[in-house]
2 protein chains.
Amino acid sequence: MPKIVNHEERKALIAKSTWNVIARDGLEGASVRSIAKEANLSLGAVRHYFNTQEELLEFAMGLVEEQVTERIMEHTKQPQPPKQLVLNMLMEFIPIGNRTIEMQVWLEYISYKLRKKELREDSVHQGMLSMMTQLNENGLLRKDINMEEETIHLHALVDGLALHILMGLVKLDENRIRLLIERELDRIFT
Amino acid sequence: MPKIVNHEERKALIAKSTWNVIARDGLEGASVRSIAKEANLSLGAVRHYFNTQEELLEFAMGLVEEQVTERIMEHTKQPQPPKQLVLNMLMEFIPIGNRTIEMQVWLEYISYKLRKKELREDSVHQGMLSMMTQLNENGLLRKDINMEEETIHLHALVDGLALHILMGLVKLDENRIRLLIERELDRIFT
DNA sequence: ATTATTTTAATACAATCGTATTAAATAAAA
DNA sequence: TTTTATTTAATACGATTGTATTAAAATAAT
């Protein structure tokens, strides 16, 4: 008999307001009050959905990983040559347009989990490993390469590129970045 | 006629205490009070050397870049084959041992400057560019490579590796990391 | 229309924050 | 020893913080 409010949607809305606050004022500026203001909600309203600030921040930051993963998986629904598929998936890491805020929050997330010492696993890296394994099992990769090394190499390159683009060091347009990564894929694909 | 206290040394000591606080509690935990406590100084003492919290934080975070640059330049004093020199310099980016804290602070620094929109230049990347140019002028690089692309590629790889090592995703020991980067250098050296 | 339950709003509280002020302590120079 | 500039310590102020409490408002089911 309550006022009908979709719980999950509302939580996501608050989370995305949290992203904006974090991107603007950092984690130290992400007070419950400032987040409520950004979301156009009262302090009590926000607290109704999240019992503590920590719970809110972890939900908001965790949602980034979830959203990125989901977006990457979308590509598998569209039939395309394996190399193009991989390339399209990897391009999802590159912060362009809206995704800039996403990566800013992700950076804060890394720092946050690092000092909480809760950073031993990473679903994205796991996904990268299983993707490479699958490519290998399908005979799409060269036989003379060290799988572990190449996975590390590829992931490092993509994340490093993403970081430098975010920092504004690299001014290449989307297409040249694509070529840069494709060249790396050519090194390991048959 | 004052009590003799080396101003620069004292500021550096406070800065390094700031690093510890940032690595432990993040930028949001880096209050003037907590920094003073970490440095075994009074609140007033810290404020004597830094007029505002912002000034202190920027000094502390900026010192990281300074220190890394200095350490990298040390290698040029020791005569060694060009490729080995470059490799040794690049390895200074990899967070091993004490350098973990350094990179944690650097990450916060990136986020900080990013939201202050003061991140258009980076002395490290500039150094990378000039290093590559110099190698090329000495005829040590292959003629058929795109200099700009290779510089971006190499820097992204090293920083990506550094980030993933910090995150605990990559468990390779120092030697294997060295080999990974060396292999990349072999691709562009004559 | 009444009831039941969720959501919002208002207010309060103790703790901590950055900053400012002022006096005390310190130690080199006179 | 006295003088003097530097450094430290103590304290205070207003603002903001996370959290808690409580009552009001809103609305779907009865």
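Throughout, protein chains are lettered first and strands after them, A, B, ... in sequence-line order, and every chain is numbered starting at 1.
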Nearest whole angstrom, please: distance from the [atom2] of [N] to the [atom1] of [X].
X: B:Glu55; N: C:dA20; atom1: CD; atom2: P; result: 12 Å
X: A:Phe50; N: D:dT19; atom1: CZ; atom2: P; result: 13 Å
X: B:Lys11; N: D:dT7; atom1: NZ; atom2: C1'; result: 15 Å
X: B:Leu27; N: C:dC17; atom1: CG; atom2: P; result: 14 Å
X: B:Gln53; N: D:dA15; atom1: CD; atom2: P; result: 18 Å
X: B:Glu28; N: D:dG18; atom1: CD; atom2: C1'; result: 14 Å

Partner residues of A:Phe50 under the side-chain contact (heavy atoms from CB on, under 4.5 Å) criterion, sequence neighbours left out:
A:Lys11, A:Ile14, A:Glu55, A:Leu56, A:Phe59
Minimum-distance pair of heavy atoms, taken over all atoms of [X] and [Y]:
X: B:Ser42; Y: B:Ala36; result: O-CB, 3.8 Å
X: B:Leu85; Y: B:Gln80; result: CD1-NE2, 3.5 Å
X: B:Thr151; Y: B:Met128; result: CG2-CG, 3.9 Å

Can you name the salt bridge (Lys or Arg N to Asp or Glu O under 4.0 Å) partners of B:Glu149, sequence neighbours left out?
A:Arg176, A:Arg183
What are the atom names and distances for every N/O pair under 3.5 Å that joins the protein to nucleotides 9-13 of chain C?
residue : atom : partner : partner atom : Å
C:dA9   : OP2  : A:Ser42 : OG           : 3.3

Quick one: is [X] getting a side-chain N or O under 4.0 Å of the [N] phosphate, OP1 or OP2?
X: B:His48; N: D:dT7; result: yes
X: A:Tyr49; N: C:dT8; result: yes
X: A:Arg10; N: C:dT8; result: yes
X: A:Arg47; N: D:dA20; result: yes

Check this for me: A:Gln84, atom CD, are more than 12 non-hydrogen atoms of other residues, nucleotides or ligands nearer than 6.0 Å?
yes
